[in-house]
Each structure stands twice: as C-alpha cells, then as structure tokens.
Amino acid sequence: MTQLSSRPACPFVAGTRRPDEPYPGREAWRDAGPLVLTEAPAGGPVAIVTTAALARAVLTDPRIVKDTALAPAAWDPRDAGLEPTRAQALSLTTAEGAPHAALRRAHAPMLSPRRIRSRAGAMRDAARELLDGLGPGPVDLVADFTTRYPLVIVGDLLGVPRAMLDDAVDACRRMFGDAADGAAAMGAFARLGAAAMAHDGLARELRERLPASVTDDDVHYLLFALIFAGQLTTDAALGFLLARVLIDGRPENTVALVDAVLRRDPPAPFTLWRFTAEEVDLAGVVLAPRTPVLVDLAGTADDPDAGPGAGLAFGAGPHVCAGIHLARAELAAVVDVLVADFPRARLAIPAADLRRVDPGTIGGSRLAALPVAGLGR
Ligand code: HEM
C-alpha cells in the first residue's frame, strides 16, 4: 500500500475547477497502486481502492461491511457523513447478508426494468412540464431544474403528492446544513414518506412486501433513502449531461451518452463508507479491523476492467445501486425532451466559463450553474 502525504494528492479538498479538469493530484494517486492510504476527511487513515479489479473484489467481500457501528470511534458521525448504524435504522445501505437480500427483494419490483420502462412517457412529460414552466430564460438549470426533476420522478413513483415538491426540495438542501437543518430535513422526509404511504403508489406496495415487524418509521427511513439517494445523484449527473448536450448537440444515442457521462463524471465518485469487520489482507496489505475503505469509482473510468457503458458508476456487488434503471431512464428522458421540444435551447455563457464545485467530502462535484437561454417554444 502506498502512503501519499502531499496535500495535493488528497481528493477531499473543497474547490472549483473547469468541468474537464481532473481532480488535483488524482492521477499520481492512481499511479500509486491498487490500494492507497490517505487521510479521511473525519481524521485517521482510509484505504482507497483505485482499480476496477480490486474494486469488484472489495464490493463482494463479506468481511468489508457498511455498518457504521464499525466506523472509527473518534469519528463524529455528522462530520463524517455517516448514516445511522444498522441497529439504529433499517436501511439497504447498512444491512448485509440475508437481511439485506430480503430488503432488496422487497424493493426490486418497484424499480425493475419493466416497471421503469412503463413510466418512460410520464418521465418525459414531467421533464417537458418543468422546462416549459421555466419560461424562455435565461435560467440556471442547476438552480431551477436539476434538483426538482429527480424529486418529481421519484415522488410520482412512490406516491408523494406533487403539492409537497417544495418540501422535498427544501429537505434535500437542508441535508447539507447544520445539525438543526439535518434534524428538520429528517422530519420533513418522514412526512413525505407518511404522505406517500397514504396514497396509492409504490411506497404502499413496498410496505405490503415488508414483514409486519417492520414499523412505519422503518418504512419512512427506507423511503427517505430512495428519495435522497435518487435526488442527490441524478441532480449532479443532470448538470454534466445537459451541459454536454448543449455543447455538442443532439446525441446519436441517448443511452450511450448517459452512460458515458456517468462513467466520466459519476455523481458518486466514491462508494459510501465501508469498514473491515476483521483483519483483512487486501492486495497483499493487512488492514486492521475497523479500517475505513472506499472505492474510487471515478478513478476507474479508463480502466477496462470497469466493464462497458457506465462502468462502475453504479457500484457493483450486493449493494449495486437499487435505482440504476430508474436513474438511466430519467436522465435519458430529459435529454430526449430537451433536443426534441426545446431545439433553440443553448448555453447562455461560453462553455469555457462553466465550473464544477467539489464539496471536499466523499460526495460528488456538481456544476456551479448551467445558464441556458432559448427555452421558449
Ligand atoms: C445517476 C444516478 C445514480 C448513481 C450514479 C447512483 C450510484 C450509486 C452507487 C455507486 C451506489 C452504491 C454505493 C456503495 O456501494 O457504497 C448506489 C446505491 C444505491 N442507490 Fe443509487 N445512484 C443513482 C441513482 C439512484 C436512484 C434514482 C435511486 C432510487 C430512487 C437510487 C437508490 C440507491 C439505493 C437505495 C442504494 C443502496 C443500495 C444498497 O445498498 O443495497 N440511486 N447508488
């Protein structure tokens, strides 16, 4: 394992750069080997996997788990961006083994390719309606579209009333605020979940597929995970995708473009936190129990072992993104609507002036703004 001590090699640095500019120092970091030790944002070492082959091994290794109870004791859960532990909340993202597989089975029908295909027209309608509502512009699609659209899509799917859209937008934004904001956001998400379960939608279907021992509060948390995971990622991806379309024009193959953008600019550049549950020998290096492990998904874009299409942008193994079909379909729907229904849409600033903002955490970067003119029809 290579230890990099020079500051520029650390990817957890907040900053602004051009969309095509690589993370500072990241190339050297990748050249350093399949496993790199660096400083975690919340302190202490983190082992980062840089190759697709080792990533696939780690993402299917039952000794490397997501229960945040195994996070270093010194970490502040909020500063570190940790979810509740497996004991504190029932969650796809922290459960493992048979309980995790059972939860995935309960979610699977609502997010299946067939189910998602049946909603393609509704996704295009939603994109058209939201873009129409913006007027001819210039408008900033990052401020006024990319956050709302994924929430409309996932909300419609689950049965969240459209009247609660502003509450959902506000809750997602507050997730990045202070502790009070975080608590307020979770309260709002619980209300969104309760409202969805009162309607005829997939939230209720999910409830019915879960054992009776699962409480309504548990279901609210599961719904929160779908809403937030679906918004956060698709929001960021939309900025890069729409910028590409506005710069290059109508794509020959929308799905291929979506995958290419996700591969190059994955909205989750790293996996979520994992921790060694015991001593683990990884690529010849012995990691102590409770060592934090991340996979550099963004770093595998040029790695042939990442596979075709979007590569590892959606992860791999048992925790591979549960919303993969939904995400790809909703992104493709926006591209199709933009080129078909808004042919005069164009960037309102030179492409060279676009900037991406890195949050300085394991989270992904997003465009600072995407000013667009010519949206009128
Ligand atoms: C472009 C959009 C998206 C990308 C790139 C993405 C990426 C990912 C990645 C990399 C993981 C695995 C993290 C890990 O192993 O630590 C993940 C998990 C997950 N994603 Fe997505 N995601 C996207 C959209 C969505 C959407 C739309 C939903 C649902 C509405 C969703 C729901 C989830 C859930 C529930 C998990 C946890 C799965 C589990 O642990 O079993 N994602 N996603």
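Whatever order the structure lists them in is the order used to number ligands and atoms, beginning at 1.
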Could a heavy atom of Q231 be found less than 4.0 Å from some atom of ligand 1? no
Which atoms of ligand 1 have any heavy atom of T93 under 4.0 Å away? 37 (C), 40 (O)
CZ of R17 to CZ of R355: how many Å apart, nearest 0.5 Å? 11.5 Å
Which residue owns the protein heavy atom closest to atom 23 (C) of ligand 1, what's the atom, and how far is it? T233 OG1, 3.2 Å
Under a 4.0 angstrom heavy-atom cut-off, which atoms of ligand 1 come close to L297? 10 (C)
For ligand 1, which is the ligand I care about here, please tell me if T234 has any N or O atom under 3.5 Å from one of the ligand's N or O atoms. no
Check each of V214, L202, L222 against R207 using the side chain to side chain contact (heavy atoms under 4.5 Å, CB included) test, and report the only one that passes. V214
Contact atoms of ligand 1, heavy-atom distance to G323 under 4.0 Å: 26 (C), 28 (C), 29 (C), 31 (C), 32 (C)
min-distance protein heavy atom vs atom 14 (C) of ligand 1 -> K66 NZ, 3.3 Å
Report the nearest protein non-hydrogen atom to atom 21 (Fe) of ligand 1: residue, atom name, distance rounded to 0.1 Å. C321 SG, 2.3 Å
Does H100 come within less than 4.0 Å of ligand 1, judged by its heavy atoms? yes
Which atoms from ligand 1 have a heavy atom of A327 less than 4.0 Å away? 1 (C), 2 (C), 24 (C)
Of the listed options A313, A95, G315, P266, closest to atom 7 (C) of ligand 1 (non-hydrogen atoms): A313
Within 4.0 Å of some non-hydrogen atom of V154, the atoms of ligand 1 are 30 (C)
Which residue owns the protein heavy atom closest to atom 26 (C) of ligand 1, what's the atom, and how far is it? G230 CA, 3.4 Å
Pick whichever of L272, L226, L222, L262 has a heavy atom sitting closest to atom 29 (C) of ligand 1. L226
Under 3.5 Å, is there a donor-acceptor pair between the R86 and T94 side chains? no
Donor-acceptor pair between D336 and T254 side chains, under 3.5 angstrom: yes
Note: heavy atom closest to atom 12 (C) of ligand 1, options E330, H325, R104, H319, belongs to H319
Nearest protein heavy atom with distance in Å, relative to atom 36 (C) of ligand 1: A322 N, 4.0 Å
Between atom CG of L367 and atom CG of L238, what is the distance when rounded to the nearest 0.5 Å? 10.5 Å
I'd like to know if D265 and R356 make a salt bridge, using a cut-off of under 4.0 Å between side-chain N and carboxylate O. yes
Taking F145 as the fixed residue, which of D235, V139, V334 is the one that meets the side chain to side chain contact (heavy atoms under 4.5 Å, CB included) rule? V334
Taking 4.0 angstrom as the limit and counting only heavy atoms of R274, give me the atoms of ligand 1 inside it, by number and element. 14 (C), 15 (O), 16 (O)
Rounded to the nearest 0.5 Å, what separates atom CD1 in I64 from atom CZ in R274? 8.5 Å
Quick check for you: to the nearest 0.5 Å, what is the distance between E83 atom CD and K66 atom NZ? 7.5 Å
At what distance, to the nearest 0.5 angstrom, does CG of L338 lie from CG of L141? 8.0 Å
Would you mind finding which of W273, F314, F228 brings a heavy atom closest to atom 4 (C) of ligand 1? F314
Are any of the N/O atoms on T271, whether in the backbone or the side chain, positioned under 3.5 angstrom from an N/O atom of ligand 1? no
Can you list the atoms of ligand 1 that are under 4.0 Å from a heavy atom of L326? 27 (C), 30 (C)
